[in-house]
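Accompanying notes for the structure given below.
A, B, ... follow the sequence lines: proteins, then strands. Residue 1 opens every chain. Quantities reported herein were computed from a predicted structural model and do not represent experimental measurements.
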2 protein chains.
Amino acid sequence: MTEATADIPSPGPSARGGVTLKDVAQASGVSISTASRALANNPRVSKETRRHVQSVARELNYVVNGLAQSMIGTGRRTVAFVTDAFLAEPFARIARGVDEVMCRHDALLLLNATHHAPERRQALIELFAQQRTSGVILVGTQNDTTAHRGDIARYHAILQGVGARLVLCGASAIPELDDIPTVAYDQCGGTRNATITLLNAGHRRIAFLGYAQRTTAMERFAGYQQAMRSAGIPVDLSNPLVITVGNVSSQIMPAIRRILDQDASRRPTAMVCITDHAALCVYRVAQQLGLHLPQDLSITGFDDLSSNDVLAPALSSVAVPFEAVGRYAARLVLGLPVEHGDHPVFPVRFTARGSIAAPYPQAD
Amino acid sequence: MTEATADIPSPGPSARGGVTLKDVAQASGVSISTASRALANNPRVSKETRRHVQSVARELNYVVNGLAQSMIGTGRRTVAFVTDAFLAEPFARIARGVDEVMCRHDALLLLNATHHAPERRQALIELFAQQRTSGVILVGTQNDTTAHRGDIARYHAILQGVGARLVLCGASAIPELDDIPTVAYDQCGGTRNATITLLNAGHRRIAFLGYAQRTTAMERFAGYQQAMRSAGIPVDLSNPLVITVGNVSSQIMPAIRRILDQDASRRPTAMVCITDHAALCVYRVAQQLGLHLPQDLSITGFDDLSSNDVLAPALSSVAVPFEAVGRYAARLVLGLPVEHGDHPVFPVRFTARGSIAAPYPQAD
DNA sequence: CTGAAAGCGCTAACAC
DNA sequence: GTGTTAGCGCTTTCAG
C-alpha cells in the first residue's frame, strides 16, 4: 500500500529522503510551484488541478518537509519546554497549559528534561537554539545564587542571538535580569493564608516543614513568617519549629518523627508543609505515632494535588492555577498579547478542609 | 555584549534570522566553505584560520542553523516520544531511559503528550513526520480494538513514508503488525507471582482490583487468573472477587469500600491491585473501615513507585525496569543493535514486603 | 590549504 | 492559471 508509487509511470521518489514535492509534481504532470500551490489550497490554482495533485500526493504518501519550510520562514513554530524532571503533577499541568496555547496557534511543543544535570541544561538550550526554536520555557526552582543568575543570562544571550525568547516559569522575576519574562505565582500569599487560617483556629505552636535554600522554599517560608509575626509570634530560621530539610521522603520522614515524637505540651499543634508531598509524609508519621488527625495535629499543604483525594482527613492546601501559568508563559514565548506584562504573579487559593481543627485544649 | 557585532568592520549579520555562516566568513575574511570547515574542526584547514574563524564566530554569537544541516542530512537526529499524559512515574522513568541513549548518541529527544485525545495523536505523528524525526516512540496502553490497530498501522505508514521508525513501548506485540517493534514487560508474570505469594501465605479469597478492557489490565488479570487456577481456584470475570473499574480514585474508592465493607467471612483476605495507585486507595479505605493491615488484609501493587516509601506497612509490589525498557526502545528507534530482537519482553520482579501476612484465622 | 558552485526541499515573487 | 527562477543556510564535491 505504501508502494503505491510503483503505479506511477513517472520516476518514483528518490530512495533516500522520501517523497518530495518534485515527485508529486512530476507524477501529477505539473510544475513544482503549481503542486505547492495546490497542496496549500491556494485559490489561484484551478479546482481540477488542485484535486488531482492532492490525490496524487496522498497516493504517494507525500509528507511535506517541515525543515525546508522552516528554512524559508514558512514553517511551524516550535517551542521548547525544559524542566528538571518530568515527574510531578505541577509540571504536567503547566505543560498542559502551554500545549493548549501552542495547539491553538499551530505551534509545536517540545519537552525535555535535564534530569537535574545543570551542564545538560545549557547543552539543551544550545541545541534548541540550533534548531531555531521560537522560544524556550524554563521551568524549575531557581536556587537564587549568582552563578545561577549567570547561567540564566547566558541562556538568554544564546537564544536572543537566534531571535528566540526565553521565559522563566514558576519563578519570580530576577531584578538584574528583568528583560527576561517570568511567570510566577504567589508562593508567599499561599502559605500566609494557610498560616492565618491555623492561627484563627486557635493554633500558636505552628511548625513550618521543608525550609531550604531555594527561592520557592524561601518565599513560602516568608508567608508563614509574616503571618506568625502579625500574630505576635516571631519565628526565625533558628526556631526549632522551622524544619529545614530537602524535599525527599528519606529526609522528611525522620525530621517529622523527631518533631512529632514529643510530649503534647511541646509538640506543635499544627504544621504548615511546603508541599503536599511533605504533608503526606506527616500523615504517615502521625498515623505511626498514633496521633489523631486533625484533633492532635492540623496540617496544611501546597499544590493541591489531585492525588490527595485519597487522604483522610482531607488535606487543606494551596491550589495553584498551573494551567493558567502555563498558558501565560506560552503567550509570552510566542509574543502574543498578554494582560499583565512580562512578570505576572498569579494568585493562589488556599482551601481549608478537614485537616484543620482547633488545637487540643491543654492545661497551660 | 550580544552587540559585539558592532565591533566588526564588515557588514553585520542580517537583521532577520540571526548570524549566518556567511556573516562569520565575511567577518573573518575567508570564504563560506573555509568557515564551515574551520568550525567543523576539519583538519584540512590551517590551525591559524581555524582559530581565527572560531573566535570570530564566538564573538558574533554564531549558532549554526540545525535546520539547514538537517536539510542536507548532516543534522542531529531527533526522536519523538509521544504519550497520553506526562503524569506518573513509569512514564518519567521510561523517558529517562530513552533520553540516556539519545544523549549518548547525540540525538535529541522531544516529548509530547496527546492529553488523551486520539485525534491529537495522529496530528502529532504527522507533525513529527513533517519535521523529519528519525523515529517516534509511542508509549501508552493499547485498548486492543481493531480501530486501535488500524490507527497504529496508519501511524506506521506515515512514518515509514519519511524513513522514520515507530516503536511501541510498554505494549505487547501486535500479531497483525509484527513489523512494528514493541518493547513490553511481563505484566502477566508480575501479577502471577504476586498472587502465588499470597496463595503460599495461605490466602484463598484473593480479590483482583482494577480489571478493565485495556491490554495492560487484561494481561495483569491473566497472571492472577493463572495463579488462582493452578491453586484450584478458578476465577473468571463474573466472580465478585474481580473488581472492574477505571483507574481513577473516584471510581476505585467506592468499589473498594463495597467489597471491604462486608463481614470478615465474606470479605477477601487479600487483594491483588492492578497498580500501586489502586493499592494506595485500598490502604485508605482499610484505614477508614478500621481494618488492620496486613492482619485483616494483605495487599499487592504493581509498578513499585518510589512514592510508596511513605506507606506503612510497606507495599509489596511488582518492580518494572522502566529505564531499561526506555533504553531498549531508544536503541530500536535509532536502529542500533539490540540483543533480544524487535519484541523483547522485560522480566519484572515482585517483592513481598510488610503488606503481606497470613490470613486471619477463621472458624471455617 | 582555500574558493566556487551545486544542491538539500520548499515557497514566493515574477513572468507569461 | 501555470511555469521559471531565486533563495533560505548549510556542507561537500570539485577545482585550483
Task: Arg93(A) CZ to Glu323(A) CD distance, which is reported to the nearest 0.5 Å - done: 4.0 Å

Task: Phosphate OP1/OP2 of dT11(C) contacted by Gln69(A) side-chain N/O (<4.0 Å) - done: yes

Task: Asn65(A) and Gln131(B): side chain donor to acceptor below 3.5 Å - done: no

Task: Side-chain H-bond candidate by donor/acceptor type, Ser33(A) with Ser36(A), under 3.5 Å - done: no

Open item on the list: Quick check on dC10(C): is either OP1 or OP2 less than 4.0 Å from any side-chain nitrogen or oxygen of Ser36(A)?
Closed with: no

Open item on the list: If the cut-off is 4.0 Å, is Ser46(A) near the phosphate of dT2(D), judged by side-chain N/O to OP1 or OP2?
Closed with: yes

Task: Interatomic distance where CZ belongs to Arg76(A) and C1' belongs to dC10(C) [whole Å] - done: 15 Å

Open item on the list: Between P on dG9(D) and CG on Asp23(B), what's the gap in Å once rounded to a whole number?
Closed with: 9 Å

- [ ] State the CG-CZ distance between Leu166(A) and Phe128(A), to the nearest 0.5 angstrom.
- [x] 12.5 Å

Open item on the list: Within the 4.0 Å heavy-atom criterion, would you say Leu67(A) contacts the bases, only the backbone, or no part of the nucleic acid?
Closed with: nothing

- [ ] Could you walk me through whether Gln160(A) and Asn61(B) pass side chain to side chain donor-acceptor pair (under 3.5 Å), step by step?
- [x] CA-CA 9 Å; Gln160(A) 202 173 248; Asn61(B) 265 320; over 6 Å; no

Open item on the list: Using the side-chain heavy atoms of Tyr62(B), tell me which of these nucleotides is nearest: dT2(C), dC10(D), dC10(C).
Closed with: dC10(D)

Open item on the list: I'd like to know if the side chain of Ser28(A) pairs up with that of His52(A) as donor and acceptor (distance under 3.5 Å, no hydrogens or angles considered).
Closed with: no

- [ ] In whole angstrom, give the distance that lies between atom CG of Asn42(A) and atom C1' of dA12(C).
- [x] 10 Å

Open item on the list: Let me check the geometry of the helix from dC1(C)-dG16(D) to dC16(C)-dG1(D). What is the bend angle between the axes at its two ends, five pairs each, to 10°?
Closed with: 50°

Open item on the list: Applying salt bridge (Lys or Arg N to Asp or Glu O under 4.0 Å) as the test, list every pair that has at least one member in residues 108-130 of chain B; sequence neighbours left out.
Closed with: Asp99(A)-Arg120(B)

Task: Separation of dT13(D) C1' from Ile32(B) CD1 (nearest whole Å) - done: 16 Å

TODO: May I have the distance from Met71(B) (atom CE) to dG7(D) (atom P), rounded to whole angstrom?
DONE: 16 Å

Open item on the list: Just the rounded figure in Å: distance from C1' of dC8(C) to CD1 of Ile72(B).
Closed with: 7 Å

Task: Atom of Leu60(B), atom of Val19(B) and distance for their closest heavy-atom approach - done: O-CG2, 3.2 Å

Open item on the list: Using whole Å, what does the distance between atom P of nucleotide dC8(D) and atom CG of Asn65(A) come to?
Closed with: 18 Å

Open item on the list: Tell me the interatomic distance from Asn41(A), atom CG, to dG1(D), atom C1', rounded to whole angstroms.
Closed with: 16 Å

TODO: Classify the side-chain pair Arg154(B)/Gln122(B) by whether it contains a donor and acceptor separated by less than 3.5 Å.
DONE: yes

Open item on the list: When you measure from the side-chain N and O atoms of Thr34(B) to the phosphate of dG3(C), is any distance below 4.0 Å, counting only OP1 and OP2?
Closed with: yes

Open item on the list: Against Arg132(A), only a single residue in Leu67(A), Thr78(A), Val162(A) fulfils side chain to side chain contact (heavy atoms under 4.5 Å, CB included); can you say which?
Closed with: Val162(A)

- [ ] Taking only the side-chain nitrogens and oxygens of Thr49(A), find out if one of them lies under 4.0 Å from OP1 or OP2 of dT2(D).
- [x] yes

Open item on the list: Does a side-chain N or O of Ser31(A) approach OP1 or OP2 of dG3(D) to a distance below 4.0 Å, or not?
Closed with: yes

What protein N or O atoms touch nucleotides 14-16 of chain D N or O atoms at under 3.5 angstrom, if any, and at what distances?
none

Open item on the list: Please confirm whether the shortest side-chain N or O distance from Ser33(B) to OP1 or OP2 of dT2(C) is below 4.0 Å.
Closed with: no

